[in-house]
J.: 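Input: one structure, supplied below.
The chains referred to below are lettered A, B, ... by the order of the sequence lines, with proteins before strands, and numbering in each begins at 1.
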Number of protein chains: 2
Amino acid sequence: MEWRRRPTMEDVAKAAGVSKATVSRVLAGIESGSTPATAERVRQTALRLGYVVNSIAASLRSRQSFTIGLLLADVANPFFGGIASGVESRLSQTGYSVILGNTGNSLERERALVRVLVEKQIDGLIAATSAASAEHFHEAQERGVQVVLVDSDVPGLEADTVTIDNRATAEAVVGHLLEQGHRRIAIVTGPMDATFDRHRLEGYRRALARHGIAYDEALVLRADLLAEGGERAVDRLLELDPRPTALFATNNMMTQGVLVGLRRAGLRIPDEISLVGFDDQDWYALCHPPLSAVLNPAYEMGHVAADRLLTRLAGRGERVEQPVEHLVLDAPLVLRASTAPPPQA
Amino acid sequence: MEWRRRPTMEDVAKAAGVSKATVSRVLAGIESGSTPATAERVRQTALRLGYVVNSIAASLRSRQSFTIGLLLADVANPFFGGIASGVESRLSQTGYSVILGNTGNSLERERALVRVLVEKQIDGLIAATSAASAEHFHEAQERGVQVVLVDSDVPGLEADTVTIDNRATAEAVVGHLLEQGHRRIAIVTGPMDATFDRHRLEGYRRALARHGIAYDEALVLRADLLAEGGERAVDRLLELDPRPTALFATNNMMTQGVLVGLRRAGLRIPDEISLVGFDDQDWYALCHPPLSAVLNPAYEMGHVAADRLLTRLAGRGERVEQPVEHLVLDAPLVLRASTAPPPQA
DNA sequence: CCGATTTACTAAACCGATTTCATTCCGGAT
DNA sequence: ATCCGGAATGAAATCGGTTTAGTAAATCGG
């Protein structure tokens, strides 16, 4: 056999003339329990043999995997990419790894992913999906997994959340449009499964109400959170009579789709129709005209969520259960040039 | 104690009146070795007790983690998001999980990540980074990890790669510009650590050579692969005399930065300067003017890489070592409206 | 109907670490 | 000289599965 087995802790122990227990202690960085001299000798032999710990074995015994699950609706969407980036940066600082799961907005896939993650003994779970169901998260919690929700809340689930104030934000957007004189404002929403979706609509209604404008069901264009849906929403908008003078698209993909649809329809922004998007992206500034949108702090949300999870993990085994926290971040409306007073009829 | 321990395979075995071995076989879906009746009884009791396997324990013994590592330069960048999406979709079909690592183009971080991944006993590793070094990958391979490189190749490393033909693609871009009559064409490149970067420049040179145009060092604007760098590259471009009439930005971030810089400088595209970008994004079509760019098939590359990795993993333990493969995907140039013949001086 | 397989199944070893508990060793207090 | 407490260390149990080796019973061919 010309292929050498990779050295285990046992090998290091033998080579250093100590027991596995000592090697374990030294390599885990436990100060007490060994002479500086012994510690150094162990470290040297480990290095010399090219020893690398097997975290799988370590996790089995210690019941900690130092791994968390990250569930996203769509990694390819830069908004979720931002969340992933924030989560990863905070967690890997502390030696945690993140297992990525892409749900594609399928509850079935989401459930399957949670199950696999639980089997893999994750310590925590961060989810940014629009799952309307709580049970699979519940099951994870029952098996000792700490759950933190990002971007959306799941009714009936006792878990930390990191979100923006979707109601207030949407209200501000629509308020801005109203102040410019718009009276018929359409909104493109998702399927209303997620709270962010529902809350954005609520904010829209609230703004209208505050300005004494009747809520018109026909002006809410329900779509699918994807570009395709945004584009088709524009088609429906064109059939409205009188045609709305302003439009609020409630996520980045639909904003993009709306832009495509509007361009195809030949509607000039903001002369013929005002538009406010969501999930601000750098390229919004490069559109013609530069697009106003809500800046949804994806990276920060991910970072904060990871941070919350870490402190929760650190506080395990405490006498008192930590109460759940609902963190709310700022989501400013960045105004560029896609809104203007409505055209004179 | 009001808190019940989660059931183990032992518990299921006892409850079903069989041995652990039988439970293991049944749940692993091994047909032979148990009566359909026994199998069913085991499955039922497992379900009744709410049993969930501990993959950590399984992995320890079986020496397979069904987990692969995915190293990306920047998850927040939609190009890498696309790769991640492709990888995840292919792998999770087969029950594999993916651990995400963000290198942020730091070799040091990349090394640290590889180490952690190896410790976590990943079965394979897919990397889409611009690491110039091979040693950490080498070390992973020595420890039995199958490595597949995406988007870039690492000299001195014996590993499968999935890329596009960067030379030919760049050559086509510059050829297109030359055919329109441009003679002074600038190129914005990265730091030249990665092969994709170097090959794109080579393609540029080749196109020039083929058209009998001298290569001018001053026209290659070396940047950092980020938007910031693209923007500053434009500043340097403006100082060139005579000013180039066309510009080729070699990745999505720099393309975006160039767009910002050009807008700030007030240069009209394509009247005053032609521009071709890279890593086509949907929003390129929404710019003013719609931007021509190379479509880099991120999702597909990820998918193919994952596929390659899977077949490699499946073929482990075979007598003959599988030879490395270098898969090359198509990267079409999508022409929109950002190029035109150079302005008459 | 008998020896030879084959099949269903179990007991026990094993994977490679962590953790518990016992032991040894030491200097200092009595 | 003796006793004591704490620090250093090691032996062995443990985590929860998979895998191997072995056994008893069922099946088969002639």
J.: Mapping B:G17 and B:L60 to their closest nucleotides on DNA chain C, which lands nearer the 5' end?
T.: B:G17
J.: For B:R63, what residues pass the side-chain hydrogen bond (donor to acceptor under 3.5 Å, both in side chains) criterion, not counting sequence neighbours?
T.: none
J.: Between B:T45 (side chain only) and B:R41 (backbone N and O only), is there a donor and an acceptor less than 3.5 Å apart?
T.: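 Looks like yes, one N/O pair under 3.5 Å.
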J.: Detail all sub-3.5 Å separations between protein N/O atoms and N/O atoms belonging to nucleotides 24-26 of chain C.
T.:
none

J.: In a table with atom names and distances, give each donor-acceptor pair under 3.5 Å that connects a side chain of residues 24-37 of chain B to protein atoms at least two apart or in another chain.
T.:
unit_1	atom_1	unit_2	atom_2	d
B:R25	NH1	B:G33	O	3.1
B:T35	OG1	B:T38	OG1	3.3

J.: For A:V304, which of A:D160, A:L329, A:V87 qualifies under side chain to side chain contact (heavy atoms under 4.5 Å, CB included)?
T.: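 Going through A:D160, A:L329, A:V87 one by one, the side chain to side chain contact (heavy atoms under 4.5 Å, CB included) with A:V304 is satisfied by A:L329 alone.
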J.: Rounding to 10 degrees, work out the angle separating the end axes of the helix from C:dC1-D:dG30 to C:dT30-D:dA1 (five pairs an end).
T.: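 Terminal axis comparison yields 40°.
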J.: Do any pairs count as a salt bridge (charged side-chain N to carboxylate O under 4.0 Å, His left out) and have a residue in residues 85-94 of chain B, sequence neighbours left out, and if so which ones?
T.: A:R109-B:E88, B:R90-B:D307
J.: Would you list the atom pairs, donor with acceptor, under 3.5 Å between side chains in residues 147-158 of chain B and any protein atom, with sequence neighbours excluded?
T.:
unit_1	atom_1	unit_2	atom_2	d
B:S152	OG	B:T195	N	3.4
B:S152	OG	B:T195	OG1	3.1

J.: Please name all residues satisfying ring-ring contact (aromatic ring centres under 6.0 Å, His included) with B:H303, sequence neighbours left out, ordered by chain then number.
T.: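 Listed in chain order: B:Y299.
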J.: Could you go over nucleotides 17-21 of chain C and give all protein N or O partners under 3.5 Å, atom names and distances?
T.:
unit_1	atom_1	unit_2	atom_2	d
C:dA17	OP1	A:Y51	OH	2.7
C:dA17	OP1	A:N54	N	3.1
C:dA17	OP2	A:M9	N	2.4
C:dA17	O5'	A:Y51	OH	3.2
C:dA17	N7	A:K20	NZ	3.3
C:dA17	N6	A:K20	NZ	3.2
C:dT18	OP2	A:S24	OG	2.2
C:dT18	O2	A:R61	NH1	3.2

J.: Do any N or O atoms from the side chain of B:T8 and from the backbone of B:E10 form a donor-acceptor pair under 3.5 angstrom?
T.: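 Side chain of B:T8 to backbone of B:E10, a donor-acceptor pair under 3.5 Å: yes, one is there.
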J.: Could I get the full list of ring-ring contact (aromatic ring centres under 6.0 Å, His included) partners for A:H136, not counting sequence neighbours?
T.: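 None.
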J.: At the 4.0 Å heavy-atom cut-off to chain A, mark where contacts on DNA chain D begin and end, going 5' to 3'.
T.: D:dA8 to D:dG16
J.: B:Y51: which residues meet the ring-ring contact (aromatic ring centres under 6.0 Å, His included) condition with it, sequence neighbours left out?
T.: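 Not a single residue meets the ring-ring contact (aromatic ring centres under 6.0 Å, His included) criterion with B:Y51.
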J.: Would one find more than 12 heavy atoms of other residues, nucleotides or ligands at under 6.0 Å from atom CD of A:Q141?
T.: yes
J.: Would you indicate what A:T38 reaches in the nucleic acid, counting non-hydrogen atoms under 4.0 angstrom: base, sugar-phosphate, or nothing?
T.: sugar-phosphate
J.: How long is the line joining CD1 of B:I56 and C1' of C:dG16, in whole Å?
T.: 13 Å
J.: Classify B:T22 by what it touches in the nucleic acid, base, sugar-phosphate, or nothing, heavy-atom distance under 4.0 Å.
T.: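 Base: the residue B:T22, judged by heavy atoms under 4.0 Å, touches a nucleobase.
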J.: Have B:N105 and B:S130 got a donor and an acceptor in their side chains that come within less than 3.5 Å?
T.: yes
J.: Does anything in residues 111-122 of chain B form a side-chain hydrogen bond (donor to acceptor under 3.5 Å, both in side chains)? List the pairs, not counting sequence neighbours.
T.: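 Applying side-chain hydrogen bond (donor to acceptor under 3.5 Å, both in side chains) to every pair that reaches into residues 111-122 of chain B, excluding sequence neighbours, yields A:T67-B:K120, A:S97-B:K120, B:R111-B:E135, B:R115-B:E119.
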